[in-house]
Amino acid sequence: MALDNHSPIAKQDPEVWKAFVAEEERQDTTLELIASENHVSPAVLQAAGSIFTNKYAEGYPGRRYYGGCENMDTIENIARDRVKQLFGCDHANVQPSSGSQANQAVFLATMQPGSRFGESEQREKNPDQPVRTPGDMILSLDLDHGGHLTHGKHVNMSGKWFRVTHYGVNRETGRIDMDEVRRLARQCKPKMIITGASAYSRIWDWDAFAEIAEDVGAMLLADIAHIAGLVAAGEHPSPVPVCDFVTTTTHKTLRGPRGGLAMCKEQWAKKLDSAVFPGMQGGPLMHAVAAKAVAFGEALQPGFKDYQKRVIENAKTLAESLISRKLNIVSGGTDNHVMLVDLRDGFPDVTGAMAEDWLGQAGIVVNKNMIPFDERKPMETSGLRLGTPALTTRGLGPDEMRTVAELITKAIGSAGDASVLGNIRNDVREMCKQFKLPHA
Ligand SMILES: *Cc1c(COP(=O)(O)O)cnc(C)c1O
């Protein structure tokens, strides 16, 4: 399904079509190392752009608020059944439109927010009376240590409505220190402990978290947005047996459409479903649900496990090659699909923002990222986050990872020199010609 210049959009809307053509060219000729991105299969792409976008299906299979939903029910039931098969969960809700909304639904189902709104107004009227009732407490990984916005960052709803305590990684090891988590949990008495991250390259010890949650009477949420594909394939331990809730995106290692998914123990099923609809959302994006169903079907095929194994092997090779070229990796390497490059030793004058820009000019797409205990600002950073899911989908293997490490190091060492970056850009184009996008 490569782009067709006689397609309806091309004929009807040249202005928008231009961006389609440019984006296909960009994806086709650049190396995608953003750890949260992937390339979906032609079948998933077709489902995502399908007639299921025409239909309202508020409610759940068998209990809809609109007529004509029989095919919606089929699709949603298939999607839910496949999730149960993939992850072995009691209950699945495939309607969240994003990973963030899956998390918000869990919060809505389980936690009480603080009353912060109108605070200043009430304080003016009644200066001696403290009016703010505290929200429930979340214990989660610090954003600067690899956590996610929706785990209690002050600019996010989760940080505005709830009290938050963060655990971090150990300064020496770059790994989560379970003694520290236990100490903080006993101190802050959280209602919910959140595990999972956007930039953590080591294995999560779900059992240790479950034991701490039990110890302090907290609920446990695993947000496996990044590693869901690895978990589904058995290439990372599963949190499903020990967690009250497991949330994820469907578009990262899981290689489905942009979207979210929430799973829970049977006892929470009703509350979770009510929180997603009517609590958080109206009509579900049924074209996305259809694409999720197709993607979950792909994830149940034997080839998916092989893909996830290759994602990890590629990440390990990339990390080792970068380390051999004097680029530090936080925690010294990776067990999964992602790694955080610490630029400070090898390139003390280069910020993450500069490196992202130069790599971009060379056709290597990455994102700057804070590293734990970073002294630079979030728009500068001292780190880069790299991931291998998209390159692995294109078919690149360990040999190519060594070449990619060489190109990355060259670009970072170029000091922005346009001719050096131009040469790398040509090498990248050549590589991309050998490894086609799945829909090409
Ligand atoms: C990507 C991510 C999300 C959010 O996903 P969106 O679909 O962008 O809302 C949530 N949690 C973690 C840990 C993530 O990495």
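Remember, it's 1-based here, ligands and their atoms both numbered in the order they're listed.
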Please identify which atoms of ligand 1 are closer than 4.0 Å to at least one heavy atom of [X].
X      : answer
His251 : 7 (O)
Asp223 : 10 (C), 11 (N), 12 (C), 13 (C)
His226 : 15 (O)

Would you mind checking which non-hydrogen protein atom is closest to [atom], with the distance to 0.1 Å?
atom                   : value
atom 3 (C) of ligand 1 : His148 NE2, 3.2 Å
atom 9 (O) of ligand 1 : Ser100 OG, 2.7 Å
atom 5 (O) of ligand 1 : Thr249 CG2, 3.1 Å
atom 1 (C) of ligand 1 : Lys252 NZ, 1.3 Å

Ligand 1 contact on Ala225 by region, counting heavy-atom pairs under 4.0 Å: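 Only the side chain of Ala225 comes within reach of ligand 1.
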Looking only at heavy atoms, is any part of Ser36 under 4.0 Å from ligand 1, and if so is it the side chain, the backbone, or both, or is it neither? neither
Would you call [X]-[Y] a salt bridge at under 4.0 Å N-O?
X      : Y      : value
Arg26  : Glu23  : yes
Glu375 : Arg344 : no
Lys309 : Asp306 : no

Proximity flag Gly260 to ligand 1, non-hydrogen atoms under 4.0 Å: no
Looking at Glu58, Glu76, Glu70, which one forms a side-chain hydrogen bond (donor to acceptor under 3.5 Å, both in side chains) with Arg64? Glu76
Thr393 and side-chain hydrogen bond (donor to acceptor under 3.5 Å, both in side chains): which single residue from Glu37, Glu32, Arg310, Arg255 fits?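 It is Arg255, the one option of Glu37, Glu32, Arg310, Arg255 that forms the side-chain hydrogen bond (donor to acceptor under 3.5 Å, both in side chains) with Thr393.
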Determine yes or no for a side-chain-to-main-chain donor-acceptor pair under 3.5 angstrom, with Ser238 supplying the side chain and Val231 the backbone.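 A pair under 3.5 Å: no.
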Using the benzene-type ring in the case of Trp, are the ring centres of Phe20 and Trp17 under 6.0 Å apart? yes
Is the shortest N/O to N/O distance between Gly99 and ligand 1 below 3.5 Å?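 Yes; at least one N/O pair falls below 3.5 Å.
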Short N/O distance, under 3.5 Å, between Gln101 and ligand 1? no
Show your reasoning for whether salt bridge (charged side-chain N to carboxylate O under 4.0 Å, His left out) applies to Lys189 and Asp136. CA-CA 10 Å; Lys189 303 226 170 354; Asp136 282 340; over 6 Å; no
My question is simple, although I want it checked carefully: is atom 7 (O) of ligand 1 less than 4.0 angstrom from any protein heavy atom?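 Answer yes: something from the protein, a heavy atom, is under 4.0 Å.
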What's the shortest heavy-atom distance between His148 and Thr150, and which atoms?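 That would be ND1-OG1, 2.7 Å.
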